[in-house]
Student: 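I'd like to ask you about the structure that follows.
Because only heavy atoms are used, hydrogens play no part in the values below, and waters and symmetry mates are left out as well, while side chains stay in.
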Amino acid sequence: INSNKCKRLSVMSWNARGMNNRNKGQELQNTLNNMVEVVDVICIQETKLSKEKHPFNLKGYQKPLTKACKKGSAGGLAIYVRQGINYVENKITYQGHAEILSCQILGKGNDIHIYNYYTKNTASNSRQDWEQTFNKNDKNIIITGDFNLKHVIWNPEGDFRTDTEATNLIEFMEDRHLSCINDGQITRISESHTHQDSAIDLSIVSNNLLDKAEFMIIDNSIGSDHL
């Protein structure tokens, strides 16, 4: 990466379940301050910030890229890139069912394309959205976010639920030489005793990055129901 402060890229993904409360932003800042390893890129889903609301500024990060949601609804995205890392926003003109925000980390001949992805429910996932949004010519791709999809490949142990859309996603990944690096750890904590915890927040990378990629969960929901 074109920055002497970053020898490898660390990307954090988190469904915030709303960033309207400034305390939530401060909780995130405190979490980042206490982490041993510096996070280079932060992808946040479900900010619930409309155009009238300004995103929280994180110390050590550039002004975030944002995608507002309709006032009073779920959704909304933000991407924070650490200071000292050069990047540009990838403009996404296609309007599908999913919410997608993207940036391109500029490197010395090895740019990395990062996609922040959110769907409000299982049925909002569409292969047409994926084909129109994720550029097949991009070589270094990281897709992360809340897909709201369950599949035995990434579900927690003993969870055999599988969505049809998840199977479609796997077929799409195979066609585009992408792989999901989730390892069965829980990413969403159920608030109901009648529902299971799940792993609906996915991290996907292009196959050429697979041997360099590492997946981990921070055991701190930061006031959300997602880890």
Side-chain angles (χ1 to χ4, degrees), residues 1-3 6-15 35 37-45 65 77-82 85-90 92 94 96 98-119 125-127 129-156 163 165-188 198-218 226-227:
I1 294 173
N2 190 19
S3 170
C6 185
K7 295 182 179 179
R8 75 174 204 170
L9 190 73
S10 175
V11 181
M12 174 181 177
S13 177
W14 176 52
N15 181 319
M35 291 180 66
E37 188 169 319
V38 175
V39 177
D40 299 307
V41 181
I42 304 169
C43 295
I44 300 179
Q45 305 89 44
L65 301 176
L77 300 169
I79 297 178
Y80 293 83
V81 179
R82 189 164 62 87
I85 297 178
N86 297 326
Y87 78 97
V88 294
E89 180 177 1
N90 287 331
I92 296 176
Y94 176 76
E99 293 185 34
I100 305 171
L101 188 64
S102 178
C103 72
Q104 181 176 341
I105 304 298
L106 303 178
K108 297 179 180 179
N110 288 300
D111 295 354
I112 297 179
H113 301 266
I114 298 176
Y115 293 89
N116 186 8
Y117 184 94
Y118 172 74
T119 54
N125 289 278
S126 161
R127 175 155 185 152
D129 285 2
W130 305 328
E131 289 178 342
Q132 294 292 330
T133 304
F134 306 136
N135 191 335
K136 63 181 180 181
N137 296 320
D138 294 342
K139 294 182 179 179
N140 301 313
I141 296 177
I142 299 173
I143 306 168
T144 188
D146 184 356
F147 282 72
N148 264 302
L149 291 178
K150 305 176 186 70
H151 197 282
V152 291
I153 287 179
W154 56 73
N155 287 350
D163 298 313
E165 293 82 358
T167 301
N168 294 339
L169 176 61
I170 291 171
E171 292 174 353
F172 172 79
M173 287 192 293
E174 290 174 349
D175 291 342
R176 289 294 181 88
H177 307 291
L178 302 167
S179 295
C180 178
I181 61 172
N182 287 56
D183 59 4
Q185 295 186 72
I186 292 166
T187 69
R188 184 181 183 276
S198 56
I200 57 177
D201 306 277
L202 305 180
S203 293
I204 298 168
V205 302
S206 49
N207 286 347
N208 61 297
L209 298 177
L210 192 57
D211 63 341
K212 305 177 183 71
E214 180 183 0
F215 179 83
M216 65 177 293
I217 293 291
I218 300 172
H226 290 250
L227 297 171

Student: With a 4.5 Å heavy-atom cut-off, do I170 and E174 have their side chains touching?
Tutor: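 Side-chain contact under 4.5 Å: yes.
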
Student: Applying side chain to side chain contact (heavy atoms under 4.5 Å, CB included) to K136 and E131, what does each step give before you reach the verdict?
Tutor: CA-CA 8 Å; K136 63 181 180 181; E131 289 178 342; over 6 Å; no

Student: Take W14 and I42 through the test side chain to side chain contact (heavy atoms under 4.5 Å, CB included) and record every step on the way to the result.
Tutor: CA-CA 8 Å; W14 176 52; I42 304 169; 5.8 Å; no

Student: Compare all side-chain heavy atoms of N140 with those of D111 and state whether any distance is below 4.5 angstrom.
Tutor: no

Student: For R188, what residues pass the salt bridge (Lys or Arg N to Asp or Glu O under 4.0 Å) criterion, not counting sequence neighbours?
Tutor: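 Listed in chain order: D225.
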
Student: Going by heavy atoms in the side chains, are Y117 and F134 under 4.5 Å from each other?
Tutor: yes

Student: Counting neighbours of NZ on K212 that are heavy atoms of other residues, nucleotides or ligands and sit closer than 6.0 Å, is the number greater than 12?
Tutor: yes

Student: Quick one: list whatever passes side chain to side chain contact (heavy atoms under 4.5 Å, CB included) with S102, sequence neighbours left out.
Tutor: N90, I92, Y115

Student: Can you tell me how far the CG atom of L169 sits from the CG atom of L202, to the nearest 0.5 Å?
Tutor: 6.5 Å

Student: Can you tell me how far apart CG (L178) and CG (L209) are? Round to the nearest 0.5 Å.
Tutor: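 With rounding to 0.5 Å, CG (L178) is 10.0 Å from CG (L209).
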
Student: Test of understanding: with side chain to side chain donor-acceptor pair (under 3.5 Å), list the residues that count as partners of D163, not counting sequence neighbours.
Tutor: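 D163 satisfies side chain to side chain donor-acceptor pair (under 3.5 Å) with no residue once adjacent residues are dropped.
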
Student: For the side chain to side chain contact (heavy atoms under 4.5 Å, CB included) test, which of L65, V41, I114 pairs with Y87?
Tutor: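 Result for side chain to side chain contact (heavy atoms under 4.5 Å, CB included) with Y87: L65.
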
Student: Do E171 and R127 make a side-chain contact, defined as non-hydrogen atoms from C-beta onward lying under 4.5 Å apart?
Tutor: yes

Student: How long is the gap from CG on N15 to CG on L227, to the nearest 0.5 Å?
Tutor: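 Nearest 0.5 Å value for the CG-CG distance: 11.0 Å.
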
Student: Can you confirm whether I142 sits close enough to L9 that some side-chain heavy atom of one is under 4.5 Å from a side-chain heavy atom of the other?
Tutor: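 They are in contact (side-chain heavy atoms under 4.5 Å apart), so the answer is yes.
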
